[in-house]
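Below, chains carry the letters A, B, ... as their sequence lines are ordered, and counting in each starts from 1.
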Protein chains: 2
Amino acid sequence: MRRKPKELTNETATARLRQAGLRPTRQRNELAKLLFRNGHRHLTAEALHGEAVAEGIKVSLATVYNTLHQFTQAGLLLQVVVDPTRSYFDTNTVYHQHFYHEDEGILTDIPGPDIAVDGLPTPPPGTEIKRVDVVVRVRKH
Amino acid sequence: MRRKPKELTNETATARLRQAGLRPTRQRNELAKLLFRNGHRHLTAEALHGEAVAEGIKVSLATVYNTLHQFTQAGLLLQVVVDPTRSYFDTNTVYHQHFYHEDEGILTDIPGPDIAVDGLPTPPPGTEIKRVDVVVRVRKH
DNA sequence: CAACAGTTTAGAATTATTCTAAATACCTGA
DNA sequence: TCAGGTATTTAGAATAATTCTAAACTGTTG
Ligand SMILES: [Mn+2]
Ligand SMILES: [Mn+2]
Ligand SMILES: [Zn+2]
Ligand SMILES: [Zn+2]
């Protein structure tokens with residue numbers, strides 16, 4: 001049972017960008033390939049930039065930030081807030097929740113059936129719920 | 001049914017600091033009085049500093065940061081992470097969850113019986129759950 | 001009250017992130 | 001195919017929250 005390294009071809013990446021309404025540039029293609037090549041990922045802008053540089057992809061940090069935000073707006077990514085010092089982006093855009101490993105600064109998806117949040121009250125008048133985030137903070141013991 | 005303005009006396013503040021193992025200085029006393037004078041509060045370092053200055057209390061922003069962290073370590077405050085651009089501190093230290101009003105950048109406690117999170121899996125081996133945070137993000141509609 | 005450790009502070013430093021505005025790359029219509 | 005226009009990229013400056021430094025000050029204790 002080998003995990004197939006679901007490499008994105010340039011064409012697939014381009015198509016995905018187009019249908020998200022984003023012009024497929026070299027940088028966006030490359031970043032999309034890094035982001036979506038294999039399973040779900042949780043990473044920071046710095047981390048993605050480092051990865052790109054390590055693979056010889058020429059892209060500036062500003063573009064990585066721009067791209068992550070554009071992908072987020074387009075629904076290709078989700079931004080996750082767990083640490084006051086940095087932002088994480090999640091390639092898994094279906095509803096799910098997270099473990100945050102405080103020692104290592106690593107986010108992982110909570111597996112299994114979805115977490116249920118019971119006892120949610122009506123939101124304050126004039127407001128609507130946009131999203132419910134659950135973060136389970138764990139530590140090595 | 002008037003809400004009594006539960007002002008903290010200097011003595012009460014001092015006592016609270018002592019039993020938290022913190023030396024009761026003028027700045028810590030004043031900040032404690034602002035923080036704990038009336039109901040629960042959710043505020044940023046900048047906000048608390050602004051409030052202090054507005055009331056004529058002489059204290060530097062660095063001290064506000066120091067104090068908020070010391071109070072947090074001592075268990076008098078809880079830090080809440082909901083916005084990647086700033087940290088909130090909560091004077092309500094019993095287990096509870098939050099609404100985050102994204103438009104206004106305001107945190108409020110979720111009232112009523114505690115939220116129940118069902119379906120939490122066992123944490124990854126070698127780790128223990130430190131805290132479960134639920135943030136209900138709301139927006140004006 | 002002396003003396004020391006703990007605390008405060010101004011200002012510099014750090015870090016993540018955003019902004020600017022100039023150069024470059026896509027895309028479309030001719 | 002290509003010119004022209006717009007979107008994108010980028011280096012570097014700017015911003016903003018927060019932390020650090022090291023010198024001055026203050027609470028505590030004997
Ligand atoms: Mn921050
Ligand atoms: Mn930040
Ligand atoms: Zn995830
Ligand atoms: Zn609260």
Distance check needed: [N] [atom2] versus [X] [atom1], whole Å only.
| X | N | atom1 | atom2 | result |
| --- | --- | --- | --- | --- |
| A:Arg26 | C:dA23 | CZ | P | 19 Å |
| A:Leu22 | D:dT6 | CG | C1' | 15 Å |
| A:Leu31 | D:dT8 | CG | C1' | 13 Å |
| B:Gln79 | D:dA17 | CD | C1' | 12 Å |
| A:Arg18 | D:dA7 | CZ | P | 15 Å |
| A:Ile57 | D:dT10 | CD1 | P | 12 Å |
| B:Asn29 | C:dT8 | CG | P | 10 Å |
| A:Glu46 | C:dT15 | CD | C1' | 9 Å |

Closest listed nucleotide, where the reference is the side chain of [X] and the choices are [options]:
| X | options | answer |
| --- | --- | --- |
| B:Asn66 | C:dT17, D:dA11, C:dT9 | C:dT9 |
| B:Pro24 | D:dT9, C:dC26, D:dG27 | D:dG27 |
| B:Arg86 | D:dT18, D:dT9, D:dG27 | D:dT18 |
| A:Tyr65 | D:dG27, C:dT18, D:dC20 | C:dT18 |
| A:Arg28 | D:dC20, C:dT18, D:dT8 | D:dT8 |

Tell me whether [X] is salt-bridged to [Y], with the criterion being a basic N under 4.0 Å from an acidic carboxylate O.
| X | Y | value |
| --- | --- | --- |
| A:Glu128 | B:Arg139 | no |
| A:Arg37 | A:Glu55 | yes |
| A:Lys33 | A:Glu7 | no |

Closest-nucleotide ordering on DNA chain C, the 5'-leading residue of B:Arg23 and B:Val59 = B:Arg23
Do the side chain of B:Asp83 and the main chain of B:Thr85 share a donor and acceptor less than 3.5 angstrom apart?
-> yes
Which part of the nucleic acid, if any, lies within reach of [X] when heavy atoms closer than 4.0 Å are counted: base, sugar-phosphate only, or nothing?
| X | value |
| --- | --- |
| A:Thr25 | sugar-phosphate |
| B:Ser87 | sugar-phosphate |
| B:His49 | nothing |

Residue mapping more 5' on DNA chain D - nearest nucleotide basis, B:Gln27 or B:Ala45 | B:Ala45
Between A:Thr67 and A:Gln27, is any side-chain donor less than 3.5 angstrom from a side-chain acceptor?
->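 The answer is no; no qualifying pair exists.
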Think B:Thr63 has a side-chain N or O under 4.0 angstrom from the OP1 or OP2 of C:dT9?
-> yes
Side-chain N or O of A:His69 less than 4.0 angstrom from OP1 or OP2 on C:dT17?
-> no
